[in-house]
K.L.:
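Pasting in a structure now, in structure tokens, and then I'll have a few things to ask.
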Amino acid sequence: MIVKTTVEPRSSFLSVDKDLNLIVTWLLKNNNLCKLLYYTDKQALNHKALTDEQRYDMLNKQIKIVPKIYVDGSVLTYIVISMDNFTPSGNAQFRDNIISFDIICHFDQWQLLDFELRPYRIAAEIDSMFDNQHLTGIGELHFMGMNQIILNDEFAGLTLMYQATHGGEDKKGAPNPANEEKLKKNYT
């Protein structure tokens, strides 16, 4: 008989990696978003869709889960995803939190065609994907606000914030396959 001498940790923080994986997967499936990040010219949305290899090359370079940007001489646009402000949810297995999307863009790339601005177009893509959506395991996301951020004389952007609220569906552990089907329909 084997006696277990260690106890596995039970914490909602252990699901952060799974939640970030789900969010990044959704972002990579959005063709318009990927074009806005990958192509640097004003007609980014008129380019052909990215290959899977091009999409995955953006991981940890332009779509980041670690809040550090390496400026390597390339003038890129970045999305930094972070989770913060964890609070009790009434469900011992989950904690409510805020998910933030920092959209960082070089000033030379802000302008798209006409009066369209790249950071706001990226924000629109992200908002259309996540606002009032239920992501299995993460909970239901509700838009909390958006702020402009200025990093220096070359880079600025926007921060989108969503409250992730865990409710009854999370307590039951019931998946919501309707959202996955909606994502496939809208973004593939």
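Count residues from 1 along the sequence.
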K.L.:
Less than 3.5 Å apart, any donor N or O on the side chain of H142 or D131 sitting next to an acceptor on the other?
P.N.:
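The answer is no; no qualifying pair exists.
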K.L.:
With sequence neighbours excluded, what pairs up with T159 under the side-chain hydrogen bond (donor to acceptor under 3.5 Å, both in side chains) test?
P.N.:
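In terms of side-chain hydrogen bond (donor to acceptor under 3.5 Å, both in side chains), with neighbours along the sequence ignored, T159 is linked to D102.
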K.L.:
Would you check, one step at a time, whether the test side-chain contact (heavy atoms from CB on, under 4.5 Å) holds for N152 with F107?
P.N.:
CA-CA 10 Å; N152 56 33; F107 283 120; 5.7 Å; no
K.L.:
What pair of heavy atoms forms the shortest contact from Q163 to T165, and how long is it?
P.N.:
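Scanning both residues, the minimum pair turns out to be CG-OG1, 3.5 Å.
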K.L.:
Not counting sequence neighbours, which residues clear side-chain hydrogen bond (donor to acceptor under 3.5 Å, both in side chains) with Q109? List them please.
P.N.:
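Testing Q109 for side-chain hydrogen bond (donor to acceptor under 3.5 Å, both in side chains), a comparison that skips the adjacent residues, returns T77.
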K.L.:
Determine whether K68 and V80 make a side-chain contact, defined as any pair of heavy atoms from C-beta on separated by less than 4.5 Å.
P.N.:
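The answer is no, as the side chains (C-beta and beyond) never meet within the 4.5 Å cut-off.
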K.L.:
Would you say M83 and I23 make side-chain contact, with heavy atoms under 4.5 Å?
P.N.:
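Yes, close enough: below the 4.5 Å cut-off.
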K.L.:
Decide side-chain contact (heavy atoms from CB on, under 4.5 Å) for H106 and L76; before the verdict, give the C-alpha distance in whole Å, the side-chain angles of both, and the deciding distance to 0.1 Å.
P.N.:
CA-CA 7 Å; H106 193 279; L76 301 174; over 6 Å; no
K.L.:
Quick one: pull up CD1 in I149 and SG in C105 and give me the separation to the nearest 0.5 Å.
P.N.:
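That separation rounds to 11.0 Å.
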K.L.:
How far does CD1 of I79 sit from CD of E125, to the nearest 0.5 angstrom?
P.N.:
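The CD atom of E125 is 10.0 Å from CD1 of I79, to the nearest 0.5 Å.
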K.L.:
So which heavy atom on I81 is nearest to which on L20, and how close?
P.N.:
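Of all heavy-atom pairs spanning I81 and L20, the closest is CG2-CD2, 3.7 Å.
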K.L.:
Are L28 and I63 packed together at the side-chain level, in the sense that at least one heavy-atom pair is separated by less than 4.5 angstrom?
P.N.:
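The answer is yes; the side chains approach within 4.5 Å.
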K.L.:
Hey, what do you get for NZ (K35) to CG (D41), rounding to the nearest 0.5 Å?
P.N.:
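These two atoms lie 11.5 Å from each other.
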K.L.:
Out of curiosity, Y78 OH to Q62 CD, how far, rounded to the nearest 0.5 Å?
P.N.:
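Answer for the OH-CD pair, Y78 versus Q62, is 7.0 Å.
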K.L.:
Tell me if the CD1 atom of I65 is crowded by more than 12 foreign heavy atoms within 6.0 Å.
P.N.:
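Incorrect, the count does not exceed 12.
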K.L.:
Any side-chain heavy atom of R95 sitting closer than 4.5 Å to one from P88?
P.N.:
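R95 vs P88: side chains apart.
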K.L.:
Okay, side chain of R118, backbone of A44: is any donor-acceptor separation there less than 3.5 Å?
P.N.:
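No, because the side chain of R118 does not come within donor-acceptor range (under 3.5 Å) of the backbone of A44.
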K.L.:
Any side-chain heavy atom of L27 within less than 4.5 Å of one from L33?
P.N.:
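L27 vs L33: side chains touch.
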K.L.:
Rounded at 0.5 Å granularity, tell me how far CD in E116 sits from NZ in K42.
P.N.:
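If we round to the nearest 0.5 Å, E116:CD and K42:NZ are 12.5 Å apart.
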K.L.:
Give the C-alpha distance, both sets of side-chain angles, the deciding distance and a yes or no for side-chain contact (heavy atoms from CB on, under 4.5 Å) between N32 and L45.
P.N.:
CA-CA 6 Å; N32 285 338; L45 292 171; 3.7 Å; yes
K.L.:
Apply the test side-chain contact (heavy atoms from CB on, under 4.5 Å) to residues F155 and I150: give CA-CA distance (whole Å), side-chain angles for both, the deciding distance (0.1 Å), then the verdict.
P.N.:
CA-CA 6 Å; F155 287 92; I150 299 173; over 6 Å; no
K.L.:
With side chains defined as the heavy atoms from C-beta onward, is the minimum distance between V66 and N60 less than 4.5 Å?
P.N.:
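They are not in side-chain contact.
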K.L.:
May I have the step-by-step check of ring pair (Phe, Tyr, Trp, His ring centres under 6.0 Å) for F130 and F143, ending in yes or no?
P.N.:
CA-CA 8 Å; F130 292 104; F143 177 73; over 10 Å; no
K.L.:
Got a sec: does the OH of Y38 have more than 12 other heavy atoms crowding it under 6.0 Å?
P.N.:
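Count not over threshold, so no.
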K.L.:
Would you compute the distance between atom NZ of K64 and atom CD1 of I104 and round it to the nearest 0.5 angstrom?
P.N.:
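The CD1 atom of I104 is 11.5 Å from NZ of K64, to the nearest 0.5 Å.
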K.L.:
Would a single hydrophobic cluster contain both L36 and L59, if residues Ile, Leu, Val, Met, Phe, Trp and Tyr are joined by side-chain heavy-atom contacts under 4.5 Å?
P.N.:
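Cluster IDs for L59 and L36 match.
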K.L.:
Less than 4.5 Å apart, side chain to side chain, heavy atoms only: is that true for S82 and S100?
P.N.:
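Yes; the side chains approach each other to less than 4.5 Å.
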K.L.:
Taking atom OH of Y56 as the centre, report whether more than 12 heavy atoms of other residues, nucleotides or ligands fall under 6.0 Å from it.
P.N.:
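No.
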K.L.:
Under 3.5 Å, is there a donor-acceptor pair between the D127 and Y162 side chains?
P.N.:
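Yes, side-chain donor-acceptor contact under 3.5 Å.
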K.L.:
Any link between I98 and I103 through a network of hydrophobic side chains (Ile, Leu, Val, Met, Phe, Trp, Tyr) touching at under 4.5 Å?
P.N.:
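Different clusters: I98 never reaches I103 through Ile, Leu, Val, Met, Phe, Trp or Tyr contacts under 4.5 Å.
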K.L.:
Within the structure provided, determine whether L117 and Q111 are in side-chain contact (heavy-atom separation under 4.5 Å).
P.N.:
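Yes; the side chains approach each other to less than 4.5 Å.
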K.L.:
If hydrophobic clusters are built from ILVMFWY residues whose side chains come within less than 4.5 Å, do M161 and Y120 share one?
P.N.:
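The answer is no; the residues belong to distinct hydrophobic clusters.
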